[in-house]
Amino acid sequence: MEPLAAVSLATSGGSRPAGWQAQVRIDYVINKVAQTHRGQSEHEVAQAIHDQLRAVGVVPNGRQIAQYANAISSLPEIPPNNKK
């Protein structure tokens with residue numbers, strides 16, 4: 001599995017930039033959808049991103065959702081884990 005973007009809630013001191021909480025939520029949702037919806041159609045991926053962003057209180061940006069959906073849909077699907 002390819003590495004995903006790191007999401008860190010740790011601080012290095014000082015103040016945070018405006019909108020940092022929304023960006024952490026966006027990163028979380030994109031990483032989650034990239035694991036569960038990769039290889040699916042752009043429409044399905046975009047809908048999943050939209051729904052999950054709404055669920056965490058972020059107002060979706062249609063243009064960014066389309067870019068993320070395009071990238072995620074072009075990833076190969078993760079094969080099922082066949083541990084026995």
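These numbers come from the heavy atoms of this one structure, side chains and all, not from hydrogens, waters or symmetry mates.
No donor-acceptor contact under 3.5 angstrom links the side chains of N31 and Q35, judged on distance only.
Judged as a side chain to side chain donor-acceptor pair (under 3.5 Å), and not counting sequence neighbours, E42 has no contacts. Applying the side chain to side chain contact (heavy atoms under 4.5 Å, CB included) test to E44 and every residue at least two apart in sequence or in another chain returns Q40, S41.
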Output a table of donor-acceptor pairs, distance under 3.5 Å, between side-chain atoms of residues 51-62 and any protein atom two or more places apart or on a different chain; print 'none' if there are none.
| from | atom 1 | to | atom 2 | distance (Å) |
| --- | --- | --- | --- | --- |
| D51 | OD1 | Q47 | NE2 | 2.7 |
| D51 | OD2 | Q47 | NE2 | 3.4 |
| N61 | OD1 | R63 | N | 3.0 |
| N61 | OD1 | Q64 | N | 3.1 |

Step by step, would you call Y28 with V24 a side-chain contact (heavy atoms from CB on, under 4.5 Å)?
-> CA-CA 6 Å; Y28 173 79; V24 168; 5.6 Å; no
Determine, stepwise, if the pair V45 / N70 fulfils side-chain contact (heavy atoms from CB on, under 4.5 Å).
-> CA-CA 8 Å; V45 175; N70 183 324; over 6 Å; no
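Side chain of R38 to backbone of L75: no donor-acceptor contact under 3.5 angstrom is found.
The CZ atom of R25 sits 14.5 Å away from the CD1 atom of I30 when rounded to the nearest 0.5 Å. Separation of atoms CD (Q67) and CD1 (I49) is listed at 10.5 Å; rounding is to 0.5 Å.
Summarising the geometry of G39 relative to E77, their closest heavy-atom pair is CA-CG, 3.9 Å, with the distance given to 0.1 Å.
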